[in-house]
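Data first, discussion second: the structure below is written as structure tokens.
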Amino acid sequence: AQSVSQHNHHVILSEAASLELGCNYSYGGTVNLFWYVQYPGQHLQLLLKYFSGDPLVKGIKGFEAEFIKSKFSFNLRKPSVQWSDTAEYFCAVRSLSGGSYIPTFGRGTSLIVHP
Amino acid sequence: DTGVSQDPRHKITKRGQNVTFRCDPISEHNRLYWYRQTLGQGPEFLTYFQNEAQLEKSRLLSDRFSAERPKGSFSTLEIQRTEQGDSAMYLCASSILENEQYFGPGTRLTVT
């Protein structure tokens, strides 16, 4: 079965620390990749996406992610986090093989940033 | 606000009752998706529509669940004979074809 793994379920950082959240998937073939963020009390919103081209993708609020096809990974990074980055982060992967274009979401990583 | 809206935001119901949720997508979006999210998990796909046609249903969608999008605009998700295991956040999202999905705020269902 297709799956998406986010190995870090809870991450606690101090402001200005660097962030890397892992995302691995089990699909073969061509994929689309997404990171969504859910701030406290708000709905899910797209941080960044990869469809094709440069595997280093830049998103909003200083986030970036790198698609490494050989490792089936799409890790999210930010060089210096802020208190306002406290949120739940979800990786999602959509396989373009097999006819269904519905993304599968990971279980999420809860990030707490201390001021 | 031109985002995805959902109504109600919260619903408490007794086991065995029927509930219906509504989703209004972004107006020009032709696809509409329903997901369920429980605590500590990511959204799980339930079903999606392209215009008024229901194109895919997850195995999670038991026969107690039914969804409609009669005019290709808003959608409703009905759960019949609710069970405590149905307690979750029900999320709606919309998109233009396979482009990225925009999510609504969700409807939190509590079955007592």
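Fair warning: this is a prediction, and the values are worked out from it, not measured in the lab. Keep in mind that the numbers below use all heavy atoms, side chains included, and drop hydrogens, waters and symmetry copies. Numbers restart at 1 for each chain; the letters A, B, ... are given by sequence-line order, proteins then strands.
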Structural part of B/Gln101 lying under 4.5 Å from a heavy atom of chain A: both

Verify same cluster id: A/Leu76, A/Ile112 (apolar side-chain graph, 4.5 Å): no

Side chain / backbone / both / neither for A/Gln38 at chain B, heavy atoms under 4.5 Å: side chain

Nearest non-hydrogen partners of A/Arg94 and B/Asn99, listed with the distance: NH1-O, 4.2 Å

Option among A/Asn32, A/Leu48, A/Leu46 that satisfies the side-chain contact (heavy atoms from CB on, under 4.5 Å) test with B/Glu100: A/Leu46

Linked, directly or transitively: B/Leu97 and B/Tyr48 (ILVMFWY side chains, under 4.5 Å): no

More than 12 heavy atoms from other groups under 6.0 Å of CG on B/Leu39: no

Hydrophobic cluster membership, B/Leu61 vs B/Val19, 4.5 Å side-chain cutoff: yes

Student check: side-chain heavy atoms of A/His43 and B/Gln6 closer than 4.5 Å: no

Gap separating the CG atom of A/Leu44 from the CD atom of B/Gln37, nearest 0.5 angstrom: 6.0 Å

Engaged part of B/Leu55 at the chain A interface, taking heavy atoms whose separation is under 4.5 Å: neither

B/Phe103 side, atom CZ; A/Tyr36 side, atom OH - distance, nearest 0.5 Å: 5.0 Å

B/Tyr90 with B/Phe74, same ILVMFWY side-chain cluster at under 4.5 Å: no

